[in-house]
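Take a look at the structure set out below.
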Amino acid sequence: MSRVSVRYIVDDVDAAVTFYTAHLGFTLDRRPAPEFAALARGDLYLLLSAPTGPGGAAQTMPDGRRPEPGGWNRIQLTVDDLDATVAALRAAGAEFRNDVVTGRGGRQILLDDPAGNAVELFEPPAPR
């Protein structure tokens with residue numbers, strides 16, 4: 001695992017990008033879709049995702065819950081082999097909110113920590 005990122009679900013990605021870049025010293029790293037932006041400030045990598053759209057961050061959970069601002073903020077841990085990581089955690093009794101989702105930028109799953117806080121496990125796509 002090489003990078004730890006924080007994802008915030010936001011109502012308006014454009015407004016959030018403007019806020020973080022204009023007021024808090026972030027720079028825009030990438031903006032591959034209207035529903036997503038990645039910002040950087042030093043060692044902090046902030047992922048801004050809309051609660052709608054085709055990406056994995058906007059998917060409804062099997063129990064019907066939907067991502068929304070303020071309730072789905074989480075750290076994102078990059079893993080080399082998502083399937084192996086999920087299998088090992090399931091064997092250890094970990095609880096997941098969903099199954100693996102493939103989005104535009106890779107694969108992910110949401111894990112609940114013991115207190116019910118979400119941790120996103122993310123596997124980026126293989127280099128081309």
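For this chain, numbers begin at 1 and follow the sequence in order. Everything quoted here is computed from the prediction, not taken from an experiment.
The backbone N or O of I109 sits nowhere less than 3.5 Å from a side-chain atom of D99 that would complete a donor-acceptor pair. With R31 contributing its side chain and P34 its backbone, the two residues share a donor-acceptor pair below 3.5 Å. Looking only at distances, a side-chain donor or acceptor of E123 sits under 3.5 Å from a matching main-chain atom of L82. Under a 3.5 Å cut-off, the side chain of R66 and the backbone N or O of P51 do form a donor-acceptor pair.
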Side chains of residues 19-27: which donor-acceptor partners sit under 3.5 Å, not counting sequence neighbours?
from	atom 1	to	atom 2	distance (Å)
T21	OG1	V17	O	2.7
T21	OG1	T18	O	3.4
T27	OG1	A40	O	3.4

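Summarising the geometry, atom OG1 belonging to T85 is positioned 8.5 Å from atom CG belonging to D83; distances are rounded to the nearest 0.5 Å. Summarising the geometry, atom CG belonging to D43 is positioned 11.0 Å from atom OG belonging to S5; distances are rounded to the nearest 0.5 Å.
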Check your understanding: Given the rule in the salt bridge (Lys or Arg N to Asp or Glu O under 4.0 Å) test, do R97 and E120 qualify, once you have shown the distances and angles that lead to the verdict?
Key -> CA-CA 10 Å; R97 293 186 180 188; E120 179 179 326; over 6 Å; no

Exercise for review: Determine, stepwise, if the pair L111 / E95 fulfils side-chain contact (heavy atoms from CB on, under 4.5 Å).
Suggested key: CA-CA 6 Å; L111 165 72; E95 294 186 25; over 6 Å; no

Point to revise | Steps toward side-chain contact (heavy atoms from CB on, under 4.5 Å) verdict (M61, L110) | key: CA-CA 9 Å; M61 297 296 108; L110 297 182; 4.1 Å; yes

Practice item. Evaluate the criterion side-chain contact (heavy atoms from CB on, under 4.5 Å) for residue pair D112 and F96; output intermediate values, then yes/no. Key: CA-CA 6 Å; D112 277 337; F96 291 86; over 6 Å; no

Exercise for review: Evaluate the criterion side-chain contact (heavy atoms from CB on, under 4.5 Å) for residue pair Q108 and Q59; output intermediate values, then yes/no.
Suggested key: CA-CA 11 Å; Q108 66 188 44; Q59 301 301 307; over 6 Å; no

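Residues satisfying the side chain to side chain donor-acceptor pair (under 3.5 Å) criterion with R65, sequence neighbours excluded, are D63. Legend: residues meeting ring-ring contact (aromatic ring centres under 6.0 Å, His included) with F122, ordered by chain and number and at least two apart, are absent.
Follow the hydrophobic side-chain contacts under 4.5 Å out from V101 and you never reach V86; the two are in separate clusters. A chain of hydrophobic side-chain contacts below 4.5 Å, direct or via other Ile, Leu, Val, Met, Phe, Trp or Tyr residues, connects V13 to V6.
Heavy-atom neighbours of Y8 OH from other residues, nucleotides or ligands within 6.0 Å: at or below the threshold of 12.
Minimum interatomic distance between G105 and P125 (heavy atoms only, all atoms of both residues): O-CD, 2.7 Å. The two residues V100 and R107 have their closest heavy-atom pair at CG1-NH2, 3.4 Å. For the pair L48 and A16, the tightest heavy-atom approach, listed with the atom from each and the gap, is CD1-CB, 3.8 Å. Contact between A33 and R104 at its shortest, heavy atoms only, is CB-NH1, 2.6 Å. Of all heavy-atom pairs between A58 and A50, the closest is CB-O, 3.8 Å.
Counting only heavy atoms from C-beta outward, the side chains of S49 and V10 never approach each other to under 4.5 Å. Considering only heavy atoms from C-beta on, L47 comes within 4.5 Å of F36 through its side chain.
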